[in-house]
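Inspection log for the structure reproduced underneath, given as structure tokens.
As the structure is a prediction and not an experimental result, all values here were calculated from the model. Throughout, a chain's letter reflects where its sequence line sits, starting with A, and its residues are numbered from 1. Atom set for the values below is all heavy atoms of this structure, side chains included, hydrogens, waters and symmetry mates excluded.
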Amino acid sequence: MTRISAFFTGWVLTLVSASSAWAQEMPTPSFPVPWQLNLQTPASPVAERLVEFHNFLLVICTVISVIVLALLIWCAIRYNAKANPVPSKNTHNTLLEIVWTAIPVIVLVIIAVPSYRLLYYMDRVEDPGLTIKVIGNQWYWTYEFPDDDISFDSLPLPDDEIDIAAGQHRLLEVDTPLILPTDTDIRILFTATDVLHAWTIPAFGVKLDNVPGRTNETWTRITIPGKYYGQCSELCGIDHSYMPIVVHAVSPEEFEAWRADQLAANDNTPDDANRLAALIQE
Amino acid sequence: MSSGTDFSRRNRRTATTAFVVVAGMVGLTFAFVPLYTLICQVTGLGGTPQVAERNETDVSTQEITVRFDANVDRSLPWDFAPNEASVTINLGAEYLTSYRSTNLSDEAVTGISTFNVTPLKAAQYFTKIECFCFTEQTLEPGQSVDMPVTFYIDPAILEDELANEVQTITLSYTFYRTLDDIPDEEPEIISEADQVITTAQVGSF
Amino acid sequence: MSTTATHAHDDDHNHAPKGISRWLNSTNHKDIGTMYLVFSVVAALVGGGLSLLIRIELGEPGIQVFDVIGEMMGSEAKQFYNVTVTAHALLMVFFVVMPALIGGFGNWFVPMMIGAPDMAFPRMNNISFWLMPPALILLILSGVMGQGAGTGWTLYPPLSGLAGQPDMSVDFAILSLHLAGASSILGATNFITTILNMRAPGMTMHKAPLFVWATLITAVLLLLAMPVLAGALTMLLTDRNFGTAFFDPRGGGDPLLWQHLFWFFGHPEVYIMILPAFGIVSHIVSTFSRKPVFGYLGMAYAMASIGIVGFVVWAHHMYTVGMGVNYRAYFVAVTMAIAVPTGIKIFSWIATMWGGSISFKTPMMWAIGFIFLFTVGGVTGVVLANAGMDIAMHDTYYVVAHFHYVLSLGAIFAIFAGFYYWFDKMTGKVYPEWAGQLHFWTTFIGVNVLFFPQHFLGLAGMPRRYIDYPDIFAEWNMVSTWGAYLTMTSTVFFLIVTLIVMIAGRKSVANPWGDGATTLEWTVASPAPFHTFEDTPDFTGGNPAAHPAE
Ligand code: HEM
Ligand SMILES: [Cu+2]
Ligand SMILES: [Cu+2]
């Protein structure tokens, strides 16, 4: 029993230091606006490229759709029964058929080049200095900094604890956000303890499934300090809609200070009390 | 029905062929289960490491870091953790590390592990020589076991244009309670004093 | 619907049996087709009702209706929302679109178009149909038993396993899909046999109407894909009930294996839903342009190549599961490749209209609507095909918008197009043109208002399968729900008019569409007689249904 209470002290300490010092109002650089039409403001190199690529695709999509629509309208005007009482009998035009096979191929190649560049860019990172581990649970997230033995749960705040006046958002706030440094390559490891989940921050261009029994990895580099939101993106049961993700991106110096706080708090916690208590809670 | 016997015989032949195709597809679906495991092992799909009898590569001067990650499913009353958080070794060099499992409960419990390496593209070059992966392990109450893993990283990774930037590989294990060993009731957690440490009987693949 | 008399059904007189046994024991392809269509309408009422519930719920932030319904159903609001989403999708896919396009129009018109007296195996046809009602009942049970199956139509384990859904609901869903799958496999066998062996003399495959081609390819896809679903479902069932561990790491299994198997079925499945639609649209465009289909052979082979390539693209649904970059790169290439034959189809339809003498009757309006909206769904498909880009869209409302453009605004538009096109032939009644046009325009506007904003929501980051959303997404959700109300109103209007017309409609003629209609069904009376052809049509001297050139 002593272990359990010790665990709780440690946990509460972590919680308090995290929320009191870091959960104040922060700017939200990438929050959608009412009637938002496009992707959120990017806050990582990958997200910037995603936005760029999407804008490019959007042009192509629009042009194709408009061409098809225009051709249909032209047929309606020029070839309706009144305007053209006698139908032509043409059913073949080899040249035309070659052209409308070749042009889509060319368009697709034009899309494929930046697409592959983006795909391989996302896959490649020089060695990140910081590693975090994101664990999906029904229905909350656990974050770990494996190199520092820092670990905490991030639980959603219910509607009645949301302070809209203070800039909080219903369904998006958590008790303990994840604190990350800006301008740092961060390795993110993903796993889950029960069913599939998917951790995502749209503004970072990060989305990957948390699969129980296996680890996934991606990376990010946050370019703008602020508060970022995401929501679980793989159906995980009853409270799938209620496991928000909050990241506070702070300067590397602030991050170091936070980390030092956590480590100090950790010293008061016996070693693997964390795991043990989790077991007992079960 | 216009029914010359010829006609209906031909129909029956076509339908029989169709049913054979259906049966074949069902068969293929089940055959895909072992095939999938095989594909993972051969191609590293899903981060499945390679397996080898012995290390036949040359040791390179280039270094790489391997991190060790451990997860325990909630159903398993074990403590499971790597004995070292990470190691930096030369490519091609064989390395022996170990994870420690401790049965925290007052009953014998059998665990089984899954594993993979990330980044996924590094799996092709991560070669295990000896490990406890997927091998069932039974731990007596309070028993602790050190479970060794021997591996090396194939220097061929340096020649892979898509993977040669990788400087850190994570080896990750998740331990579950085996399906056959699901408890009737929650076990008691025992105190640290009752825990005994032994060294593993090494499993095979 | 058909003529009188009381003879047994297997004689050569043009007499239909009477009463309930005509339907229960039916071996007549038209009667079975009719039953499939009625069945599909019933399922559509349920599935559509569920979708309306979803849209009412999402009309504004917070929980509006599901707390009440959840309580009524003895389930939790949030769980019942998941159940609703799951049941809606399964209903629409397996019990609305497939029965209507394949079971309904396929049964009605494939034998007629090839000049066959009936399907190759009439009794098997009867079994195919009668497997569907129990399947539907099992599916509904899966929604109301215990917690209800709230796994999504994709049934991903571990959520669909014992750990995620411990009660029987998912087992019911699995059994339901088993029955529906068995029905599809029997139906597919029947179509393949019929089309390969029973074409009229002189009708080579290269003279077969495109709807026949489409049905043949669809049937082949069913034959290859359905058993994979059946196998995977069986594995899930035994994992849940008999201690196997196909998808359970505790016994050496892998939950991702399910996703590979499911999508190996699932992607061909989306083409199973759209190829018959392609066939129908080709006929309608040709009929109302008074021109033969442009590039007939290209059209047929485009469908075939879509069918083949459809089997090697499955993992484009799995870009975020954690798959090596080279695998993703491969799936990007093959997925984008499918856009080429799809483009050929779109351009060929337009070329069919080009130079034509087009009358914009109701079926033609739906077909043109299909062409445009399917194009929109196709280009968003190409966006999603890019594995890098998909990171931003996967599991958001963008994907929801995409597949509703190709399905709700694609397959469903084609079903309405076919319905209006063949209404006279099936019922012998004339559908009032004004009502069809009004139905088209209100639905066209309704579904676009309903689904287009979902692209915006998805891009802004709103995830799919959510009962409630942050307030910032309220505006477009409100618009989307307005679209749903309009669509629903339009559908109710359609149902009422259809009932009235079936009872009191004017009598139609054998060929209401004029010389553009050149397939065999237009050579027989409307409604088509119980036994279609007095004499077997003969194609050796050319198409007997073609109209002499003026
Ligand atoms: C140009 C052709 C098409 C391409 C390139 C394409 C591509 C894609 C991709 C990449 C996805 C996965 C998106 C994601 O989950 O992140 C997807 C989803 C989907 N597509 Fe398509 N698609 C095409 C045509 C169609 C057609 C013709 C249909 C059906 C008639 C269809 C139905 C669906 C459905 C139902 C889903 C969602 C499945 C789910 O997650 O529940 N698509 N499509
Ligand atoms: Cu979730
Ligand atoms: Cu697909």
Residues C:S26, C:N28; criterion side chain to side chain donor-acceptor pair (under 3.5 Å); working and verdict: CA-CA 6 Å; C:S26 177; C:N28 179 291; 5.6 Å; no

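The stretch residues 20-29 of chain B places B:V21, B:V22, B:M25, B:V26, B:T29 near chain C, each with some heavy atom under 4.5 Å from a heavy atom of that chain.
Heavy-atom pairs under 4.5 Å with chain C peak, among B:T174, B:T43, B:T17, at B:T43. Considering only heavy-atom pairs separated by less than 4.5 Å from chain B, the leading option among C:L223, C:V321, C:T234 is C:L223. Counting heavy-atom pairs closer than 4.5 Å to chain B, the top residue among C:L257, C:D254, C:L229 is C:L257. Chain B forms the most heavy-atom pairs under 4.5 Å with one residue out of C:I192, C:L224, C:L196, and that residue is C:L224.
With 3.5 Å as the limit, one finds a donor-acceptor pair spanning the side chains of B:D160 and B:Y125. In summary, the side chains of B:T14 and C:N197 do present a donor paired with an acceptor at a separation below 3.5 Å, with no hydrogens or angles considered. When only modelled atom types and interatomic distance are considered, C:N126 and C:N25 share no side-chain donor-acceptor pair under 3.5 Å. Donor-acceptor pairing under 3.5 Å is recorded for the side chains of B:T57 and B:N55. B:E63 and B:T88 share no side-chain donor-acceptor pair at under 3.5 Å. Using a 3.5 Å distance cut-off with no hydrogens or angles, the side chains of B:T102 and B:D79 do not pair a donor with an acceptor.
Both the backbone and the side chain of B:F30 come within less than 4.5 Å of a heavy atom of chain C. Neither the backbone nor the side chain of C:M226 comes within less than 4.5 Å of any heavy atom of chain B. Neither the backbone nor the side chain of B:F175 comes within contact range of chain C; no heavy atoms are under 4.5 Å apart. With a 4.5 Å cut-off on non-hydrogen atoms, C:L256 touches chain B through its backbone and its side chain both. Of the atoms belonging to C:N326, it is side-chain heavy atoms, and not backbone ones, that fall under 4.5 Å from chain B. Of the atoms belonging to C:L261, it is side-chain heavy atoms, and not backbone ones, that fall under 4.5 Å from chain B.
Taking the six-membered ring wherever Trp is involved, the centroid distance between the rings of C:H267 and C:W314 does not fall below 6.0 Å. Between C:H394 and C:Y319, the ring centre distance reaches or exceeds 6.0 Å.
Note on C:D31 versus C:R22: salt bridge recorded, some NZ/NE/NH1/NH2 to OD/OE distance being below 4.0 Å.
Relative to the six-membered ring of B:F115, B:K128 meets both conditions, a distance below 6.0 Å and an angle of at most 45° to the axis.
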